[in-house]
Amino acid sequence: QVQLVESGGGLVQTGGSLRLSCAASGSTLSNTYTKAWFRQAPGKEREFVAAIRSSGGGSYYADSVKGRFTISRDNARGTDHLQMNSLKPEDTAVYYCSFRNSRLIVSAVRVGDHYDYWGQGTQVTVSS
């Protein structure tokens, strides 16, 4: 089992920044993985935001956040961050961290059904 704990959400004004973190732990955690962020706004379907693959596997972004959001890993194994800059009201949503204990192929990283573990979600609210 893998446990995911998100942190860093909050309320920010348009143009502001937030950094979300997702800490993964568990006995089955491997060094080969895919980690992603999805978000869901009220009344809307869940949508892909960003993903990163282990071992130099690259990072991937939704067109709506490209150039504003950056997903990264830090030296602590299993902890990833989503740096969100130039936030807009349409970024308001609950953000979920997700994890799969293998490297997904590129065409699959944007599909939520391919991830086995999910965090509890953290609210991001951008005021206009």
Original post:
Within the side chain of Arg19, is there an N or O that forms a donor-acceptor pair under 3.5 Å with the backbone of Gly8?
Top reply: no

**OP:** Search all heavy atoms of Phe48 against all heavy atoms of Ala36 and return the closest pair with its distance.
**Re:** CE1-CB, 4.5 Å

Original post:
Would you find a donor on one side and an acceptor on the other, under 3.5 Å apart, between the side chain of Ser59 and the backbone of Ile52?
Top reply: no

Subject >> Residue pair Ser54 / Arg73: nearest heavy atoms and the distance that separates them >> reply: CA-NH1, 3.7 Å

**OP:** Apply side chain to side chain contact (heavy atoms under 4.5 Å, CB included) to the pair Thr32 and Arg53, showing each step before the final yes or no.
**Re:** CA-CA 8 Å; Thr32 303; Arg53 302 192 304 170; over 6 Å; no

**OP:** Taking the side chain as every heavy atom from C-beta outward, state whether Phe38 and Val111 have any pair of such atoms under 4.5 Å apart.
**Re:** no

Original post:
Hey, what do you get for CD (Glu6) to SG (Cys22), rounding to the nearest 0.5 Å?
Top reply: 5.5 Å

**OP:** Indicate yes or no: at least one non-hydrogen side-chain atom of Thr92 is less than 4.5 angstrom from one of Gln123.
**Re:** yes

Original post:
In terms of side-chain geometry, is the basic nitrogen of Asp91 or Lys88 positioned less than 4.0 Å from the acidic oxygen of its partner?
Top reply: no

**OP:** For residues Tyr60 and Ile71, determine if any side-chain heavy atom of one lies less than 4.5 Å from a side-chain heavy atom of the other.
**Re:** no

Subject >> Within one Ile-Leu-Val-Met-Phe-Trp-Tyr cluster: Phe69 and Val94, side-chain cutoff 4.5 Å >> reply: no

Original post:
Can you tell me how far OG1 of Thr122 sits from CD of Gln120, rounded to the nearest 0.5 angstrom?
Top reply: 7.0 Å

Original post:
What about Tyr95 and Trp118, same hydrophobic cluster or not, with Ile/Leu/Val/Met/Phe/Trp/Tyr joined at side-chain heavy-atom distances under 4.5 Å?
Top reply: no

**OP:** Indicate yes or no for a side-chain donor-acceptor contact from Ser98 to the backbone of Trp37 under 3.5 Å, with no hydrogens or angles considered.
**Re:** no

**OP:** Identify the residue among Ser72, Ser21, Ser7 that makes a side chain to side chain donor-acceptor pair (under 3.5 Å) with His81.
**Re:** Ser21

**OP:** Check each of Val49, Val65, Val124, Thr70 against Met84 using the side chain to side chain contact (heavy atoms under 4.5 Å, CB included) test, and report the only one that passes.
**Re:** Val124

**OP:** Work out which heavy atom in Asp113 is nearest to a heavy atom in Arg46; give both atom names and the distance.
**Re:** OD1-NH2, 3.9 Å

Original post:
Any idea which heavy atoms bring Gly9 and Leu18 closest together, and the distance?
Top reply: C-CD1, 4.5 Å

**OP:** Assess whether side chain to side chain contact (heavy atoms under 4.5 Å, CB included) is satisfied between Tyr115 and Val109, documenting all intermediate values.
**Re:** CA-CA 9 Å; Tyr115 294 87; Val109 298; 3.8 Å; yes

Original post:
Atom NZ of Lys35 and atom CG of Leu82: how far apart are they, to the nearest 0.5 Å?
Top reply: 11.5 Å

Original post:
Considering only heavy atoms from C-beta outward, does the side chain of Tyr61 approach that of Arg68 to under 4.5 Å?
Top reply: no

Subject >> Tyr96 OH to Arg39 CZ distance, which is reported to the nearest 0.5 Å >> reply: 13.5 Å

**OP:** Give me the ring orientation class for Phe99 and Tyr33: parallel if the planes are under 30° apart, tilted from 30 to 60°, perpendicular past 60°.
**Re:** parallel

Original post:
What heavy-atom pair brings Ser86 and Ser17 nearest, and what distance separates the two atoms?
Top reply: N-OG, 4.3 Å

